[in-house]
Amino acid sequence: MRKSIFARLNNWIIFVLMTIVVLSIVIASTILINFLRKEEIKRVDILVSALKFQQEVETPSLEIQELLLQIYSSNTTIPVIILDKNNEIMVHRNIPPDIEDDSEKIVALAKQMAKSYVPIEIELVKGNKQFVYYDNSRLLNNLQYSPYILGFFILCYFLFSFWFFRTIKKTDEGYLWAGLAKETAHQIGTPLSSMIGWMEIMKLDDPESEGIHEIEKDIERLKTISERFSKIGSVPELNDTDFNATIQENYDYLKTRISRKINFGLHLPNYTISVPHNKILMSWVIENLVKNAVDAMKGEGSISMSVIERNKNIVVEVQDTGSGMTKHQAANAFKPGYSTKKRGWGLGLSLAKRVIQEYHSGDIKIAQTEVGKGTTFRITVKKA
């Protein structure tokens, strides 16, 4: 539990740091854009001052004329339109080339500029007035969207990185569980071979012994378990189609090996259901669900297993009257390593989910659960 809390805390720290980085970049870009905007406004103010000076001085010196010319020519980016009080065009600079010869469009553009910046009024002699209209340069207008575009791409990068590392982690976990399963199958194989040999020797003394027949059944079951583990990590063949037979076979085996205090029932359709599946792995899933149900009931209660046809799908439900789960337990039930029991590694439901989803293209979930009243697991697979 402590590990889970620290893992969540680390996730939140990473999220907060990512958010701070993105916001910092957006804020820094916004500050830079505001600085550039103020600089452009200063340049316009200088241009207006030059225009006023030109109007006030009747015979400016050659040096002043050169200075004024430099001020005018230095503006190569900021669009400027100067109109008189009758909206006659006096000067225009850095406007779109396609409207340079259209006075109506130039005046309309000036009025549009007035929505962004209040035009600057220039008082002339004899009561005449001129108005300087201006707007942001094209570069500044384009830069206005850059913080959001940059923030978006950075966020996408972080999301991609998160997805990438999570995928690597899941892949590594998959290889770990597959290797563990195969090693388990290998370890089971050695004593199992020895048990088969001893069984043959025991048969020589009493071939009709009931105990020997029961041990033989368990040895066959161990063979099946070993084969199940050996298939983890490889792509199994879905050669079996009679789904009813697989479920019935599991039910018959499990019924003889669970407590008699448990009322175990099976409800099958009275017609053949054809589902491509791997009998060994599907049996493993059913056995996991039933054993979890038995543990949840502490050896006493009712288990009901039903097979239902729904459109193009076949649904298997395993319902128990056990202790049920909390929302937190239900949300984590299929995660590798998670278990509510003191014993066990918490791999059963995780591997069951992998068998159903990856190998049979189906789905497995907790359909219903309530603390103190029981749980219903639901498997959904496609018909042939």
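Just so you know, these numbers come straight off a predicted model, no measurement behind them.
One N or O on the side chain of Asp84 and one on the backbone of Asn86 form a donor-acceptor pair closer than 3.5 Å. Panel note: side chain Asp320, backbone Thr375; a donor-acceptor pair is recorded below 3.5 Å. Judged by distance alone, the side chain of Thr369 and the main-chain N or O of Met325 form a donor-acceptor pair under 3.5 Å. Although no hydrogens or angles enter the test, the distance criterion places no donor-acceptor pair under 3.5 Å between the side chain of Asp135 and the main chain of Met113.
A distance of 8.0 Å separates CG in Asn94 from CD1 in Ile78, rounded to the nearest 0.5 Å. The CD atom of Gln130 lies 11.5 Å from the NZ atom of Lys85; values are rounded to the nearest 0.5 Å. Between the CD atom in Gln248 and the CG atom in Leu268 there is a gap of 5.5 Å [rounded to 0.5 Å]. One finds the CD1 atom of Ile356 at 10.5 Å from the OG atom of Ser361 (value rounded to the nearest 0.5 Å). Annotation: the span from Lys382 atom NZ to Ile314 atom CD1 amounts to 13.0 Å, rounded to 0.5 Å. Rounding to the nearest 0.5 angstrom, the gap separating the CD1 atom in Ile82 from the CZ atom in Arg93 is 11.0 Å.
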Under the side-chain contact (heavy atoms from CB on, under 4.5 Å) criterion, do Val316 and Val381 qualify, and how do the steps go?
CA-CA 9 Å; Val316 182; Val381 289; 5.7 Å; no
List the steps, then state whether side-chain contact (heavy atoms from CB on, under 4.5 Å) holds for Leu351 with Trp284.
CA-CA 9 Å; Leu351 292 174; Trp284 189 4; 3.9 Å; yes
Between Arg138 and Thr77, is the side-chain contact (heavy atoms from CB on, under 4.5 Å) condition met? List the steps.
CA-CA 7 Å; Arg138 183 179 298 180; Thr77 57; over 6 Å; no
Run the side-chain contact (heavy atoms from CB on, under 4.5 Å) test on Ile27 and Ile31 for me, step by step, so that the C-alpha distance in whole Å, both residues' side-chain angles and the decisive distance to 0.1 Å come before the verdict.
CA-CA 6 Å; Ile27 292 171; Ile31 292 172; 3.9 Å; yes
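When the side chains of ILVMFWY residues are joined at heavy-atom separations under 4.5 Å, either directly or via intervening members, Val318 and Leu254 end up in a single hydrophobic cluster. Note on Met90 and Ile122: same hydrophobic cluster, where clusters join Ile, Leu, Val, Met, Phe, Trp and Tyr whose side-chain heavy atoms are under 4.5 Å apart, directly or indirectly. Linking ILVMFWY side-chain heavy atoms closer than 4.5 Å, directly or via other members, places Phe131 and Ile41 in two distinct hydrophobic clusters. Val80 and Ile95 are not part of a single hydrophobic cluster, where members link through side-chain heavy atoms under 4.5 Å apart. Residues Phe35 and Ile33 fall within the same hydrophobic cluster, defined by Ile, Leu, Val, Met, Phe, Trp and Tyr side chains chained together at heavy-atom separations under 4.5 Å.
Nearest heavy atoms, Val315 versus Thr380: CG2-OG1, 4.0 Å. Across every non-hydrogen atom of Lys255 and Phe264, the tightest pair is NZ-O, 3.4 Å. Of all heavy-atom pairs spanning Asn136 and Leu140, the tightest one is OD1-CD2, 3.5 Å. Taking all atoms of both residues into account, the shortest heavy-atom contact from Ile81 to Ala110 is CD1-N, 3.9 Å. Taking both residues in full, the closest heavy atoms of Ala333 and Ile366 are given as CB-CD1, 3.8 Å, listed atom of the first, atom of the second, then distance. When all heavy atoms of Leu238 and Tyr359 are compared, the pair lying nearest together is CD1-O, 3.5 Å.
Here Ser259 pairs with Lys261, Ile262 under the side chain to side chain contact (heavy atoms under 4.5 Å, CB included) rule; sequence neighbours left out. Every side chain to side chain contact (heavy atoms under 4.5 Å, CB included) that Asp98 has, sequence neighbours left out, goes to Pro96. In this view, Lys373 and Glu370 satisfy the salt bridge (Lys or Arg N to Asp or Glu O under 4.0 Å) rule, not counting sequence neighbours. For Asp363, the side chain to side chain donor-acceptor pair (under 3.5 Å) criterion is met by Gln357, not counting sequence neighbours. Residues satisfying the ring pair (Phe, Tyr, Trp, His ring centres under 6.0 Å) criterion with Phe377, sequence neighbours excluded, are absent altogether. Looking at residues two or more places apart in sequence or on another chain, you find no side chain to side chain contact (heavy atoms under 4.5 Å, CB included) involving Ser49. Partners of Ser29 by side chain to side chain contact (heavy atoms under 4.5 Å, CB included), not counting sequence neighbours, listed by chain and number: Ile25, Pro147, Leu150. With sequence neighbours excluded, no residue satisfies ring pair (Phe, Tyr, Trp, His ring centres under 6.0 Å) with Tyr133.
Val44 is not listed as a side-chain neighbour of Tyr117, based on a closest heavy-atom distance of 4.5 Å or more. Within the 4.5 Å cutoff, the side chain of Leu289 has heavy atoms near those of the Ile379 side chain. A heavy-atom distance below 4.5 Å is not found between the side chains of Val355 and Met282. No side-chain heavy atom of Leu349 sits under 4.5 Å from any side-chain heavy atom of Lys335.
Note on residues 22-39: pairs passing salt bridge (charged side-chain N to carboxylate O under 4.0 Å, His left out), not counting sequence neighbours, are Glu39-Lys42. Sorted by first and then second residue, the ring-ring contact (aromatic ring centres under 6.0 Å, His included) pairs with a member in residues 80-107 form an empty list; sequence neighbours excluded. Under the salt bridge (charged side-chain N to carboxylate O under 4.0 Å, His left out) criterion, no residue pair touches residues 100-116, with sequence neighbours excluded.
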Exercise answer: donor-acceptor pairs, residues 298-312 side-chain atoms, under 3.5 Å, sequence neighbours excluded:
unit_1 : atom_1 : unit_2 : atom_2 : d
Glu309 : OE1    : Tyr271 : OH     : 2.6
Glu309 : OE2    : Lys383 : NZ     : 2.4

